[in-house]
2 protein chains.
Amino acid sequence: MENLIYLDHAATTAADSRVVEEMLPFFTEEYFNPSSVYTPSRNVRNKLDEAREKVAGLLGARHPNEVVFTSGGTESDNYFIKGTAWALKEKGRHIITSVVEHHAVLHAFGNLERQGFETTYLPVDRYGMVNPEDLEKAVRPDTILVSIMTANNEVGTIMPIKEMSEILKPRGIVFHTDAVQAVGSLDINMQDLGVDGLSLSAHKFYGPKGVGALLIRKTVKPVPLLHGGSQERHRRAGTENVPGIMGMAKALELAIAEREERNREITRLRDMLIKGIMEKIPDTILTGHPEKRLPNSASFCFRYVEGESILLMLDMQHVAASSGSACTSGSLNPSHVLLSMGLPHEIAHGSVRLTLGKENTEDQIKKVLEMLPPIIKRLRDMSPLYAAEKSPTVKEAC
Amino acid sequence: MENLIYLDHAATTAADSRVVEEMLPFFTEEYFNPSSVYTPSRNVRNKLDEAREKVAGLLGARHPNEVVFTSGGTESDNYFIKGTAWALKEKGRHIITSVVEHHAVLHAFGNLERQGFETTYLPVDRYGMVNPEDLEKAVRPDTILVSIMTANNEVGTIMPIKEMSEILKPRGIVFHTDAVQAVGSLDINMQDLGVDGLSLSAHKFYGPKGVGALLIRKTVKPVPLLHGGSQERHRRAGTENVPGIMGMAKALELAIAEREERNREITRLRDMLIKGIMEKIPDTILTGHPEKRLPNSASFCFRYVEGESILLMLDMQHVAASSGSACTSGSLNPSHVLLSMGLPHEIAHGSVRLTLGKENTEDQIKKVLEMLPPIIKRLRDMSPLYAAEKSPTVKEAC
């Protein structure tokens, strides 16, 4: 994939070679089940504990036991949201989230609705931002749980989590944040954010796929999703994915140690990309918040064209980009996030998300800036909508 | 771990180097999200489909779509059992399992009980075997689900799954089997077994930890455990663990291709071990069925001693063994499996499980046979119970 320009780091990232190196011994040498009693197993258990301490420390948990290792962001979200709702259902049945969450949160809420829970979906403004005042208005005496993402996966908008926590804390309402897109990219500290639950996924920050974590405050006891063995202090059964966990801890350590340096370059290139696109391609909307956005995130709607067509033409020129979330690609509906931000269907259809990573170079960005304007022009030239809009003659003929 | 004699293959196995080799490119080169639309992602998607076809073919599923990739055996068990119960709860609330299941099954049933389902736990005979007649007696018009393991993880007893399926099929009762210990070791064919659901876990057959599969017959639609993206045909959300899945498919392929050869040697060594122990150590009970047992499984109760003490002394001599399931080690209670088989507490406390694997050698088995008798003797010499039992004088003094 030497000539590939990968601009879909929000979908997934390549594992860092240092991460793979960290994992390797745990496949074939230190392969022991951490729950067994013999010395080699206890050594693995100790390393798992060190990884747990590392993750807890790097993300501002109060204690290593607040870290539960899972199979990824989706499991973390489902476990915290469903488990907390089930645990607190005698206290109340009202739960709150936002309209722009990842489907792992939205569909977990949908599942709870079918079980008799009542849901409020907070709106967002044109930048995809939840207004804490809307949250304050939505809370009720029977509200037991709120889940709002730290940063949006499609448009990169960073949510005012701390402000929302200040509304929820005095009311004793459990607060969860899906930080899957934020961890590794932003300075994430569970205590500073004031949340009771925080989900992360290793493959979003150059760690392996199939592993994630859920940070759970000691005061919250979600009903487990996976019952069985006594692993993870009875909160998540199943033999621990030791290589994956070791890899995730290493990836997180690297992401945080190198964050400022990585972000400096990524943001510079991202801003070059945004500036170039906005200057060179007319009728383009930058989606998401202009400043409060993830450092690597650039997302646009190109009017009069289909995002999918743009992606196909980029693909032909070895550029990997996305129209939104990878998890729902293949769906013909435009993004629920863009529609929630007030963009009309026909504009939301023209969405392209470019998310940068630590391997991207200035040369790659320049290439994309040369490549993209003719692609959009060609597609617009083929678009009857564009013709109708731009030529009064054709317009009348319609 | 050069001088280690690893006899705990039922707890976990070292990933085969060929499996790790298969996985490696998917960490750093073919790292793309299989749900994305660009060519490199579609290539990964194709390889995932090939892995799915392979797993389906090797395990006798009717169609590749009957394979759902999960994070392991525990998730597979929880998903099928809870999901099917939730899906069919209007049809009936009675569910059946056995007393000797893995905790992933038992505790999933326990969770369903707390939700208002009614459970029957089938007993086992002295060999740990469920009697199909007991199943026939237990089924009721409102029985919706039965889950019986293919082979027991502690004593290796192989259950009469096919016979039980013949009882359940005409009654239209959904039948699941936890085949976690059996896959790779026995010739497992979903259609031959006549089951609607079958759980497996890669790390039990020289694959990686953190990945497994659930085979689901098309006619059964369990409610998902993980809601979110549309992965796995909306049955299991979350970005696919591509390296893990590729590793699992490879490990399964190798296990099945090499099964006869592996089992021939493993069984020979296992029988040498059983014969040697039974001959050299008096007051020893071979637990599990004498013939219908997994080829690699040898399990014993040594009277008058604690299994944990034996394990510690074996550990000091670099032998890794177990007293039962790794998932519940640390618990002071004797195994629920051994108690269910009618063994009294004080005998069940003396349990040791030795499970062999493809790396074990005759020399290792000989070493264990030299090592174990003096260990048991020493422990018995220290045991007041043994003294009381064996010496009439001491007995009287008590």
Side-chain angles (χ1 to χ4, degrees), chain A residues 1 4 8 11-15 17 20 24 27-29 31-33 35-41 71-75 77-78 102-104 107-108 110-111 203 208-211 225-231 237-244 308 311 315 320 322 325-331, chain B residues 1 4 8 11-15 17 20 24 27-29 31-33 35-41 71-75 77-78 102-104 107-108 110-111 203 208-211 225-231 237-244 308 311 315 320 322 325-331:
Chain A
M1 301 295 157
L4 178 76
D8 200 15
T12 193
T13 58
S17 60
V20 178
L24 279 179
F27 287 113
T28 49
E29 291 156 38
Y31 58 83
F32 309 100
N33 192 316
S35 300
S36 297
V37 295
Y38 31 86
T39 307
S41 277
S71 68
T74 293
E75 186 189 325
D77 286 344
N78 273 263
H102 188 275
H103 283 118
H107 292 174
N111 178 252
H203 77 100
K209 292 174 179 62
V211 61
L225 207 55
L226 301 185
H227 289 91
S230 53
Q231 291 92 352
T239 301
E240 297 88 344
N241 176 358
V242 182
E308 296 291 317
L311 299 187
D315 181 32
S322 150
S325 167
C327 303
T328 49
S329 69
S331 155
Chain B
M1 301 295 155
L4 179 75
D8 200 15
T12 193
T13 58
S17 61
V20 178
L24 278 179
F27 286 114
T28 49
E29 292 157 37
Y31 58 84
F32 309 101
N33 192 317
S35 300
S36 296
V37 295
Y38 32 84
T39 308
S41 277
S71 67
T74 293
E75 186 190 326
D77 287 342
N78 273 264
H102 189 275
H103 283 117
H107 292 174
N111 177 252
H203 76 99
K209 291 175 179 62
V211 61
L225 207 57
L226 301 186
H227 289 92
S230 52
Q231 292 92 351
T239 300
E240 297 88 342
N241 176 358
V242 183
E308 297 290 317
L311 299 186
D315 182 34
S322 150
S325 166
C327 304
T328 48
S329 70
S331 154

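The structure presented is a predicted model; accordingly, all values stated were derived computationally and were not measured.
- Options B:Ser17, B:Ala237, B:Ser41, B:Gly244 differ in how many heavy-atom pairs under 4.5 Å they form with chain A, and the most are formed by B:Ala237.
- Side chains of B:Asp8 and A:Tyr38 form a contact here, defined as non-hydrogen atoms less than 4.5 Å apart.
- For a residue to count as touching a neighbouring chain, one of its non-hydrogen atoms must lie under 4.5 Å from one of that chain's; by this rule B:Leu311 touches chain A with the side chain only.
- Taking every heavy atom of both residues into account, A:Pro40 and B:Leu4 meet most closely at CG-CD1, 4.0 Å.
- Residue contact with chain B, scored on non-hydrogen atoms closer than 4.5 Å, involves the backbone and the side chain of A:Val242 alike.
- Between the side chain of B:His107 and the backbone N or O of A:Gly228, at least one donor-acceptor pair lies under 3.5 Å.
- Residue with the most contacts toward chain A among B:Ala15, B:Ala108, B:Gly72, B:Pro243: B:Ala15 (heavy-atom pairs, distance under 4.5 Å).
- Shown here are the ring pair (Phe, Tyr, Trp, His ring centres under 6.0 Å) partners of B:Tyr31, two or more places apart in sequence or in another chain: A:Tyr6.
- The minimum heavy-atom distance between B:Glu75 and A:Ser71, with the atom names listed, is OE1-OG, 4.4 Å.
- In this structure, A:Lys209 and B:Asn241 approach most closely via the heavy-atom pair O-OD1, 3.5 Å.
- When the candidates A:Asn111, A:Asp77, A:Val20 are compared by the number of heavy-atom contacts under 4.5 Å with chain B, A:Asn111 comes out ahead.
- Between B:Leu225 and A:Leu225, some side-chain heavy-atom pair lies under the 4.5 Å cut-off.
- Taking the side chain as every heavy atom from C-beta outward, B:Val37 and A:Asp315 never approach each other to under 4.5 Å.
- For chain B, the nearby part of A:Thr13 is the backbone; its heavy atoms alone come within less than 4.5 Å.
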